[in-house]
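To keep things clear, I will list the structure first and then write my remarks on it.
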Amino acid sequence: MEPLPRSFYDRDTPLVARDLLGAHLVRTLPGPGRRQLIGRIVETEAYLGPADAASHARAGRTARTEVMFGPLGHAYVYFTYGMHWMLNVVARRNEPAGAVLLRSVEPLAGLESMRQRRTGLPDKELTNGPAKLCQALAVTGALNGLDLCDAAGPLYVAPRSPPSDPLVAIGSRIGIRNVSEPWRSLPLRFWIEHNRFVSR
DNA sequence: AGCACGATTAACT
DNA sequence: GTTAATCGTGCTC
């Protein structure tokens, strides 16, 4: 399947976050089988440039944030809470940095492999959170900086199919309670209404 | 060199 | 509803 073109990510970060809803996240596992795990993106958040107090980019250009200042459509994968990985896609326009956090996907293919990685948990908890989907799809820091516009690579993003627009709900971002206003309350979280794999 | 805290999760009362 | 787990990052001294 064709990946979303790099130009898709060359727009205001919130627009990209909204339009990623329904798109497919395709993870090709290493090894002879090249088994594919697929998740439909159902929840995202936009993180803007250095002015955004909730974004890691607030620290400016550092070793950690470097990817967010780099080429569009690449993966920003970071480690947090001493145990979790989070996956973002670099997207921005007229901003020095910007990325979309993928918060939840709906499992479409490779469920057996996801269950293996998420042992003992019910299917509805497989990928309904940013760290959960990384664990289910075997996304770690090894994929940081990866080009997500390359379908031959281990991870890429494909357009939604069918291409019809999903019903989108909008709210404030999660997990940033210590962040100053207005950043804490900006409507930068997007999810597909009524989807059962949205977090919370 | 030390420290506070985090774009979270799972388990618990 | 609360809390432990667990460590990289950025900031202060």
Side-chain angles (χ1 to χ4, degrees), chain A residues 9 12-18 20-21 23 25 39 41-70 74-92 95-107 114-146 148 155 157 169-192 196-200:
Chain A
Y9 303 100
D12 287 335
T13 314
L15 281 181
V16 176
R18 183 197 67 187
L20 276 172
L21 295 176
L25 184 62
I41 298 170
V42 299
E43 181 186 359
T44 62
E45 281 176 1
Y47 286 85
L48 313 181
D52 182 354
S55 172
H56 294 163
R58 69 189 180 286
R61 198 165 182 157
T62 67
R64 182 206 210 185
T65 64
E66 179 62 25
V67 174
M68 278 196 287
F69 291 81
H74 284 234
Y76 169 46
V77 184
Y78 70 89
F79 186 65
T80 191
Y81 290 102
M83 62 191 92
H84 300 306
W85 295 100
M86 308 274 174
L87 171 63
N88 301 251
V89 190
V90 176
R92 62 177 186 271
E95 287 252 35
V100 175
L101 171 70
L102 303 187
R103 282 196 61 92
S104 300
V105 304
E106 174 179 346
M114 297 184 199
R115 290 187 192 107
Q116 221 165 35
R117 251 178 259 298
R118 303 269 304 141
T119 323
L121 293 162
D123 281 4
K124 70 156 51 173
E125 305 241 345
L126 245 30
T127 55
N128 63 335
K132 297 179 185 181
L133 75 87
C134 283
Q135 191 185 0
L137 298 187
V139 172
T140 71
L143 301 184
N144 189 39
L146 184 80
L148 300 183
L155 187 68
V157 182
I170 305 176
S172 53
R173 294 174 291 183
I174 289 178
I176 56 169
R177 229 176 267 176
N178 293 336
V179 170
S180 62
E181 295 291 3
W183 308 103
R184 186 177 61 193
S185 304
L186 291 181
L188 295 176
R189 174 174 175 243
F190 304 84
W191 67 96
I192 297 182
R196 86 191 206 100
F197 289 94
V198 171
S199 67
R200 300 292 159 103

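In what follows, chains carry the letters A, B, and so on, assigned in the order in which the sequence lines appear, proteins first and then strands, with residues in each chain numbered from 1. Because only heavy atoms are used, hydrogens play no part in the values below, and waters and symmetry mates are left out as well, while side chains stay in.
Summarising the geometry, the separation between CZ on Arg177(A) and P on dT8(B) is reported as 11 Å, rounded to the nearest angstrom. Straight-line distance from the CG atom of Asn144(A) to the P atom of dT9(C): 10 Å, rounded to whole Å. Across the protein-nucleic acid pair, Tyr47(A) atom OH and dG6(B) atom P stand 12 Å apart, rounded to whole Å. Across the protein-nucleic acid pair, Arg200(A) atom CZ and dA10(B) atom C1' stand 13 Å apart, rounded to whole Å. We find that NE2 of His84(A) is positioned 14 Å from P of dG8(C), with the value rounded to whole Å. Between Leu133(A) atom CG and dT8(B) atom C1' the separation is 12 Å, expressed in whole Å. dA7(B) atom C1' lies 15 Å from atom CH2 of Trp85(A), rounded to whole Å. The interatomic distance linking Lys132(A) (NZ) with dT8(B) (P) rounds to 11 Å, in whole Å.
Under the stacking criterion of a centre-to-centre distance below 5.5 angstrom and an interplanar angle below 30°, Phe79(A) is not stacked against the six-membered ring of dG8(C). Stacking annotation: Tyr81(A) is stacked on the base of dG6(B) (ring centroids less than 5.5 angstrom apart, interplanar angle below 30 degrees).
Nearest nucleotide to the Thr80(A) side chain, out of dG10(C), dT9(B), dG6(B): dG6(B). With dA10(B), dG10(C), dA7(B) as the choices, the nucleotide that has an atom nearest any side-chain atom of Leu121(A) turns out to be dA10(B).
Using a 4.0 Å heavy-atom distance criterion, Met86(A) is classed as a sugar-phosphate-only contact. At a threshold of 4.0 angstrom between heavy atoms, the contacts of Thr62(A) are confined to the sugar-phosphate backbone, with no base atom among them. Counting any heavy atom pair closer than 4.0 Å across all strands shown, Ile176(A) reaches sugar-phosphate atoms only and no base atom. Arg64(A) comes within contact range of the sugar-phosphate backbone alone, with a heavy-atom separation under 4.0 Å but no base atom that close. Backbone-only engagement by Asn178(A) is indicated by non-hydrogen atom pairs under 4.0 Å involving sugar-phosphate atoms exclusively. Across all strands, Ala131(A) comes closer than 4.0 Å only to sugar-phosphate atoms, never to a base (heavy-atom distances).
Legend: residues meeting ring pair (Phe, Tyr, Trp, His ring centres under 6.0 Å) with Trp85(A), ordered by chain and number and at least two apart, are Phe79(A).
Between the side chains of Lys132(A) and Asn128(A), at least one donor-acceptor pair of N or O atoms lies under 3.5 Å. Using modelled atom types, one finds a donor on one side chain and an acceptor on the other under 3.5 Å when comparing Ser199(A) with Glu43(A).
Across dC5(B) and dT3(C), the matching C1' atoms stand 16 Å from one another, rounded to whole Å.
A donor-acceptor contact under 3.5 Å links the side chain of Tyr78(A) to the base of dA7(B).
Contact between the side-chain N/O atoms of Arg103(A) and the OP1/OP2 oxygens of dT8(B) is found at a separation under 4.0 Å. Put simply, Arg118(A) has a side-chain N or O that comes within less than 4.0 Å of OP1 or OP2 on dA10(B). An OP1 or OP2 oxygen of dT9(C) is reached within less than 4.0 angstrom by no side-chain nitrogen or oxygen of His56(A).
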Quick one, Glu66(A) with Asn144(A), criterion side chain to side chain contact (heavy atoms under 4.5 Å, CB included). Give me CA distance, side-chain angles, the key distance, then yes/no.
CA-CA 10 Å; Glu66(A) 179 62 25; Asn144(A) 189 39; over 6 Å; no

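Judged purely by atom type and a 3.5 angstrom limit, Arg173(A) uses its side chain to pair as donor or acceptor with the backbone of Ala46(A). A donor-acceptor distance shorter than 3.5 angstrom exists from the side chain of Thr65(A) to the backbone of Gly60(A), with no hydrogens or angles considered.
For dA10(B), the paired nucleotide is dT3(C), the pair qualifying as Watson-Crick or G-U wobble because both relevant distances are below 3.5 Å.
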